[in-house]
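Let me begin by presenting the structure, written as structure tokens, before commenting on it.
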Amino acid sequence: MAGYNPSSIEKKWQRIWQENQIFSAEIRPAKPKYYVLDMFPYPSGEGLHVGHPEGYTATDIVARYKRAAGFNVMHPMGWDAFGLPAEQYAIKTDTHPAVVTRKNIDRFRSQLQAIGFSYDWQREVNTTDPEYYRWTQWIFLQLYDTWFDPQQQKGRPIAELVAEFESGQRALPQSAGNKAWPQLDAQQQRQVLEQYRLAYQIEAPVNWCQALGTVLANEEVIDGKSEVGGFPVQRRPMRQWMLRITAYAQRLLDGLDALDWSESLKMMQRNWIGRSEGALVRFGIADRGGDVIVFTTRPDTLFGATYMVLAPEHPLVDLNAQNGLVASAWPEGTPPQWRSNANSPRDAVAAYQKMAASRSERQRQEDNAKTGAFTGAYAINPINKQRIPIFISDYVLMGYGTGAIMAVPAHDQRDFDFASAMELPIRRVVSAAADNPEAGKLPLESPGFAVNSSELNGLTTAEAKGLMCELLEKQSLGTRQIHYKIRDWLFSRQRYWGEPFPLIHLEDGSTVALADSQLPLTLPEVKDFKPTGTMEPPLFKATQWHHVQVVLEGDPGNPRARVVPAGTPGAVAARRELNTMPQWAGSCWYYLRYMDPKNTHAFCDPEKEKYWMAGGVDLYVGGVEHAVLHLLYSRFWHKVLFDRGLVSSPEPFRKLVNQGLILGEAEYTVFALESGQWVSAADIDPEFSTRVGADGKSEVISSQKATGALVIGKACDPTTVEKRGEVFVLKADAGIQVDARSFKMSKSRGNVVNPDDVIAEYGADSLRLFEMFMGPLEQVKPWSTAGVEGVYRFLQRVWRNLLGGDDGTLRVVRQYPDGGWACGSRRLTAAESEVAVRDAAAILRPMHRLISKVTQDIERLAFNTSISAMMEFNNALAKLTFVPMEAALNLLRVLEPFAPHIAEELYREISGPDAVISIATLPWPEFDERLCVDEELDIPVQINGKLIGRIRIPANSAEEQVLDMALADTQVAGRLAQRAIKKKIYIKGRMINLVV
RNA sequence: GCCCGGGUGGCGGAAUGGCAGACGCUCAGGACUUAAAAUCCUGUGACCGUUUUCGGUCGUGCGGGUUCGAGUCCCGCCCCGGGCACCA
């Protein structure tokens, strides 16, 4: 029998699985379902990297294990294929994005298939397929047709809102101008409804990225730059589509509690939603009337409010507005430090607004110094009627709360800093608890007891908050308020490669949903899909597609539009929406489509949804980078679908695990000046940057701390360094510290590992095995080529253990009913049979232990220790002369989820004509708890917690017997001498401790 | 600054409060070989003593505590990674 040669067996088995549909999932009501899901990839032009197969292998192991354990498993894969990178590439190479996308998908699919994942490929989905995005559009229309009822905390159909308006059960909004519903015309009714829909359009400042030619969601902007490409992003007013995710903020927050997700991930979502409890407080404007409303989380400190601050963009300080509060002359007695060398408040405010507008988010963050301008206006503190000055400052953000604050410098660091700069009064209203080490200091931000606060005095901070809210509410000066940081989701993009919105704009300015029968609304085939260079989307150029004739159907206040040929009676001219949806749209619901991917009547058959989604997806694995984007968006969509009765579970993903990043191979970097003289890593600036050196290899550049001289770091051979204490140093010069770490894989570093290369050299099974053997799934870990060789050697040993002894013979033996033993077709001699019996007895208990260990470890996703257990068992097999068939089959059965190709091949070889078509169809082996422990155990004996010796006992010995044996042991007896034993402790099967 | 993770040999890591370092890598020595590779065997936390069998001491970031017993639990620090951050 030839040795282990992965390339000759892997393709073969992939074909057999495919041809026999081994992994197809159909509803089998008798079996419990198990839905195991991967985050589907964005098929980039780069192809797979080793990070993809990490999570995919983990889910594949669980899928294969669960199938064997009697579950009906759904394990699908698909493509998240709309989006910017493909479009950017298409523009650069002047290829249609559809062509680029198709090519990338084909590449990804063949790469994934080469790894041998047990996907049900008949369920493959592709977000750019019109038959898929037809339902993305349809679900968007459900959002468009839903309003959020705050009383019921639930999304309801627009028709129910109309009914409530009609019956007068619900009051119309103020914008309806005191009219009743039937008095409004159709256009007015549509406008009222727009204010309630979960999908709505507004003209508002948005994140515009000139380089990408599109707007971006808040979540896609990091430090004022686009997440994709790192281009600058500006705030600009534009008409945009928004999704009212804020309505679901509380539901999204509450839903997290019951989910089996990591605490850190839940925390990220909680932070993003950003709930804070406080109050809205109304401050009257002095001498002028009107008021300013602020949001505060510390209503208890209202007596300490000594001034107010508005954001520079606040409407009340808009110098062009009618109702602005900025004074035209400095009030009498304005101190010079408030005047900022300006002739009037108007000048000061104008100058400050200009300065603030020119500062980027980044600059604002980096510079924490407090600046501002006095508006010349005063407000009245509603609780003590004090006159307090009103300032503007960019430390107050228009985007949070009301864009205005009451400043309490004694109990807020920022207010304290501003008050110090402007010489404003600071009034302590909270006294710290006695044990608080910060007691004497200001500002005091921690809770304590109210002081200088009239009727609040003596109350704890929590009590004072409550009482203040009551006082405010009684006098109509304010209300309790829960505020969320999360903003509505900006949902439109000015790009070509996305789902078109199924919406029609009428000439009267109202917007109407397209009729369901007209879905999918496909992207027009255009030659020129490039950004227009203006703020108009590329679809603007598809004039024919863009201008249409429609007829309206249904309730005139809430109609649907059908595009008809020109000249159709009743048709009116209209335009299509030209924006497209963002990349996240398709991934918001793909896990639902897998259940019924070819359905042309619904996004998913309700019966199938009920079966597969009961309790949600059972296991979802993917990268942590989607913590607040995809995972929040799809929870939102899911909850809307749930409210509308379209899905049966309130949360989509019951258990979620983030796989850890895989870093490049560990590198040792030694630093030197340009002269070549070594510099210790301890003596250089820890801020590195990288570049490509003259020899084409990547270099690290930094500077020498003492002199500032340029220092160049180059990779050095691990054999030239050694560890001294905490650090690595050069063997040649122990004074020179070397930087030792692993870097994120990147093209520029040249440390990217391509799975194709690993498969070509070691096979898919070794790739899978190593990815799992590296360490815990969720942990960040460095790649190691030597490690891949390690698992490859393990697989070779398994192969040789079963198929080739040292002399090249089959080593697997089986016993016939007549009691005789055979190795293949050869009967064993009497002497050999005796050996076989002994081997079978020797391996019995290790075999049960193996099954037990692997079973439990897969359940807790501890794949690395499962593999260790298999290695140990295989090492035990190597010590035998013969390998009993049962031991071999069980090893292969538990190996199959991890390394399926070799398991299949060996199974076929050793079981000959009895073999079933695939080992994957065999049930998972059972183990006997009693056979998992050895018959005799070595038990360590300690005296006062110190190891003295060990005794050998029968496994099921009673405590008393064991202790007697311990005391009888000569080693122990000698140590004990005649000291009295105070306490005897026996932990069953573990150890003995004698306390003297 | 706030909130999560995490710190165990040369490296990746293992260990329901019960023999720390499983398993793998690396390295060293040996066997096989004309030789090399591959393979197999042995050893591989540090220090000390015998320098061969063997024996001893220390050891899970640091300092304390609980416990018969702590890598594991509690308190206080240090360091690393990640997230959020002028969010009122």
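Naming: A, B, ... by sequence-line order, numbering from 1 per chain.
Distances shorter than 4.0 Å separate some side-chain N or O of Arg797(A) from OP1 or OP2 on rC40(B). The shortest distance between the side-chain N/O atoms of Arg414(A) and the OP1/OP2 oxygens of rG1(B) is not below 4.0 Å. Between Arg800(A) and rC40(B), a side-chain N or O to OP1/OP2 separation shorter than 4.0 Å is present. A close approach under 4.0 Å does occur between a side-chain nitrogen or oxygen of Asn875(A) and OP1 or OP2 of rG24(B). Look at Lys485(A) and you won't find any side-chain N or O under 4.0 angstrom from OP1 or OP2 of rC87(B).
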Practice item. Any chance you could lay out the side-chain contact (heavy atoms from CB on, under 4.5 Å) test for Ile388(A) and Phe283(A), step after step, and finish with the verdict? Key: CA-CA 10 Å; Ile388(A) 58 175; Phe283(A) 283 66; 3.8 Å; yes
Exercise for review: Could you please spell out the steps behind the salt bridge (Lys or Arg N to Asp or Glu O under 4.0 Å) verdict for Arg270(A) and Glu263(A)?
Suggested key: CA-CA 10 Å; Arg270(A) 287 193 188 111; Glu263(A) 213 33 59; 3.3 Å; yes
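Remark: of the listed residues Ile61(A), Val791(A), Asn864(A), Ile61(A) is the sole one forming a side-chain contact (heavy atoms from CB on, under 4.5 Å) with Met772(A). Each of Met774(A), Arg768(A), Glu771(A) was evaluated against Glu54(A); a single residue qualifies, Glu771(A), per the side-chain contact (heavy atoms from CB on, under 4.5 Å) test. Put simply, the residue from Leu424(A), Val396(A), Thr371(A) that forms a side-chain contact (heavy atoms from CB on, under 4.5 Å) with Phe418(A) is Leu424(A).
Rounded to whole Å, the C1' atom of rU44(B) lies 35 Å from the corresponding atom of rG64(B).
When the P atom of rA88(B) is taken as reference, atom CD of Gln481(A) falls 13 Å away, rounded to whole Å. Between Leu994(A) atom CG and rG69(B) atom P there is a gap of 14 Å when expressed in whole angstrom units. Summarising the geometry, the separation between CD1 on Ile867(A) and C1' on rG24(B) is reported as 10 Å, rounded to the nearest angstrom.
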Practice item. Give the B/S/- string for nucleotides 57-66 of chain B, one per nucleotide from 5' to 3', where a protein heavy atom under 4.0 Å of the base yields B, of only the sugar-phosphate yields S, and otherwise -. Key: S---------
Study note, to complete from the structure: Each nucleotide of nucleotides 8-18 of chain B classed B (base within 4.0 Å of a protein heavy atom), S (only sugar-phosphate) or -, in 5' to 3' order, makes --SSBSSSB-B
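Within a heavy-atom distance below 4.0 Å of RNA chain B, the residues of residues 404-412 of chain A found are Ile405(A).
Between Tyr762(A) and Phe770(A), the ring centre distance reaches or exceeds 6.0 Å.
Considering only side-chain atoms of Arg793(A), the nucleotide from rU39(B), rC19(B), rC23(B) that sits closest is rU39(B).
A donor and an acceptor atom never sit less than 3.5 Å apart when one is taken from the side chain of Arg270(A) and the other from the base of rC3(B). If you check distances only, the side chain of Lys982(A) never reaches the base of rC68(B) with a donor-acceptor pair under 3.5 Å.
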Could you pull out all donor-acceptor pairs under 3.5 Å where a side-chain atom in residues 301-311 of chain A meets a protein atom, sequence neighbours excluded?
from	atom 1	to	atom 2	distance (Å)
Thr301(A)	OG1	Arg298(A)	O	2.8
Thr306(A)	OG1	Pro425(A)	O	2.9
Tyr307(A)	OH	Tyr395(A)	OH	3.3
Tyr307(A)	OH	Asp415(A)	O	2.9

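Closest non-hydrogen pair, Val894(A) versus Pro897(A), comes out as O-CD, 3.3 Å.
Taking Asp291(A) as the reference, Arg282(A) meet the side-chain hydrogen bond (donor to acceptor under 3.5 Å, both in side chains) condition, with sequence neighbours excluded.
Pairing analysis of RNA chain B (Watson-Crick: purine N1 to pyrimidine N3 plus N6-O4 or O6-N4; G-U wobble: N1-O2 and O6-N3; both under 3.5 Å) yields stems of 3 or more pairs at B:1-7 with B:78-84, B:10-12 with B:23-25, B:27-31 with B:39-43, B:45-49 with B:54-58, B:61-65 with B:73-77.
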